[in-house]
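Down below is the structure, laid out as structure tokens.
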2 protein chains.
Amino acid sequence: MKLLDIGVLSEQSGVSPSTLRYYEEIGLIQSVGRHGLRRQFDAQTATQLALISLGKLAGFSLDDIKGMFAKDGTPRLPRAELHLRADALDEQIRGLTRLRDAMRHVADCPAESHMDCPKFRRLMVFAARAGSRRRV
Amino acid sequence: MKLLDIGVLSEQSGVSPSTLRYYEEIGLIQSVGRHGLRRQFDAQTATQLALISLGKLAGFSLDDIKGMFAKDGTPRLPRAELHLRADALDEQIRGLTRLRDAMRHVADCPAESHMDCPKFRRLMVFAARAGSRRRV
DNA sequence: GCTTGACCTCAAGTTGGCTTGAAGTGGCAG
DNA sequence: CTGCCACTTCAAGCCAACTTGAGGTCAAGC
């Protein structure tokens, strides 16, 4: 079983050593030994790190992600949870799309002031609604 | 000119009084006077708050947003900047969409383990790339 | 054998966007 | 006139996800 020195893993994964130590501290990853003082990691940890960054992209917290690995570090992704998260992503994508369209419109809008533009005003109503709802 | 007590504005906008005070403290909004101790705000501030929540949705920081108002509180949205931000939103939307599709696929994927699914592995490569780039 | 440099530990600091707590004040209903 | 209650100030706290700093260790290259 090939072992990776923390520096190598860091280099390979783009995750800084301090972050790796932090991840280990919170139990997200495990080192399998030491070379002198230096942590050594299983090659599998690189895969795990890719999954972690994937999870972060999808909006999971590190704590959420922690629950997605079995004790041995292999992924354990509950399908229902994935669907839920995909739905949340859908929501987010819809909101962002609306926002982007409106921004484009406003940027090209000939109205003297943005406040004179009906689309902009509609956008603000949307924003006001979105703003007064509790954050996701 | 109609004035709003902080409580009224808070109620109306869904922004908590402490947040309003915080926004004033950082110079994002201005109160126009006091009724006893209580801050009073211009009715226009409600509009401004809608814009602020809009800006937050779009991924602007409060500091960015601060730059989007003239000293009198009227919006000053540079069109070039809007286009840039819309482009960034596009990027974000594309990434999220890819992610969502892949998540859906994985959730329904018949492979024994997620690790056996080619799509999942491709997704991880994407994640590894995205993760090692500097955060936007 | 000595230096070097990347690692080590542990505590504390950072950032953004607020919220909370303690102690005080003032307008208004009764 | 009294009590209430939403406000006030100011400092401190909170959250996640790290980073930084001080002081220490160790394997490897010269």
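Every chain is numbered from 1 and lettered A, B, ... according to where its sequence line falls, protein lines coming before strand lines. Since the model is a prediction, treat every value here as computed from it, not as a measurement.
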Run the salt-bridge test on B:Lys119 and B:Asp101 with the 4.0 Å N-O cut-off and return the result as yes or no.
no
Show which side-chain atoms of residues 57-74 of chain A pair as donor or acceptor with protein atoms under 3.5 Å away, not counting sequence neighbours.
from    : atom 1 : to      : atom 2 : distance (Å)
A:Ser61 : OG     : A:Asp63 : N      : 3.3
A:Ser61 : OG     : A:Asp64 : N      : 3.0
A:Ser61 : OG     : A:Asp64 : OD2    : 3.3
A:Asp64 : OD2    : A:Ser61 : N      : 3.1
A:Lys66 : NZ     : A:Ile26 : O      : 2.8
A:Asp72 : OD1    : A:Thr74 : N      : 3.0
A:Asp72 : OD1    : A:Thr74 : OG1    : 2.7
A:Asp72 : OD2    : A:Thr74 : OG1    : 3.3

Of B:Pro17 and A:Phe60, whose nearest nucleotide on DNA chain D comes first from the 5' end?
B:Pro17
Distance, rounded to the nearest Å, where A:Leu20 contributes CG and C:dC8 contributes C1'
14 Å
note: A:Glu24, atom CD; D:dC18, atom C1'; distance rounded to Å ~ 16 Å
B:Arg34 side chain N/O closer than 4.0 Å to the phosphate oxygens (OP1, OP2) of C:dG27?
no
Just wondering, do B:Asp87 and A:Arg104 contact through their side chains at under 4.5 Å, heavy atoms?
yes
A:Ile65 CD1 to D:dC18 P: how many Å, rounded?
9 Å
Out of C:dC18, D:dT19, C:dC8, which nucleotide sits closest to the side chain of A:Tyr22?
D:dT19
Between P on C:dG16 and CD1 on B:Ile52, what's the gap in Å once rounded to a whole number?
17 Å
Look at the side-chain N and O atoms of A:His35 and state whether any lies under 4.0 Å from the OP1 or OP2 oxygen of D:dA28.
yes
Does A:Glu24 pair with A:Arg21 as a salt bridge, N-O distance under 4.0 Å?
no
Specify the separation, in whole Å, of atom CZ of A:Phe41 and atom P of C:dC8.
8 Å
How long is the line joining CZ of A:Arg39 and P of D:dC26, in whole Å?
14 Å
Verify the contact: side-chain N or O of B:Tyr23 to OP1 or OP2 of C:dC18, cut-off strictly under 4.0 Å; return yes or no.
yes
Return no unless some side-chain N or O of B:Ser61 is found under 4.0 Å from OP1 or OP2 of C:dG17.
no
Any non-hydrogen side-chain atom of A:Val15 less than 4.5 Å from a side-chain atom of A:Ile52?
no
Report the nucleotide, chosen from D:dT8, D:dC18, C:dC8, that has the shortest atom-to-atom distance to any side-chain atom of B:Leu37.
D:dT8
Has A:Lys56 got a side-chain N or O lying under 4.0 Å from the OP1 or OP2 atom of D:dC18?
yes
Check the distance between D:dA17's P and A:Asp63's CG and give it to me in whole angstrom.
8 Å
Would B:Leu99 end up clustered with A:Leu84 when hydrophobic side chains under 4.5 Å apart are linked, directly or stepwise?
no
Mind calculating the distance between CD (B:Gln40) and C1' (C:dG27) to the nearest angstrom?
12 Å
Answer yes or no: does a side-chain N or O of A:Arg21 lie under 4.0 Å from OP1 or OP2 of C:dC8?
yes
Tell me whether the side-chain N/O atoms of A:Ser16 come closer than 4.0 Å to OP1 or OP2 in D:dT19.
yes
What nucleic acid atoms does A:Ile26 come within less than 4.0 Å of, heavy atoms only: base, sugar-phosphate, or nothing?
nothing
Is A:Ser18 near enough to D:dT20 that one of its side-chain N or O atoms lies under 4.0 angstrom from OP1 or OP2?
no
Where the side chain of B:Arg38 is concerned, which of D:dT8, C:dC8, C:dG17 is the nearest nucleotide?
D:dT8
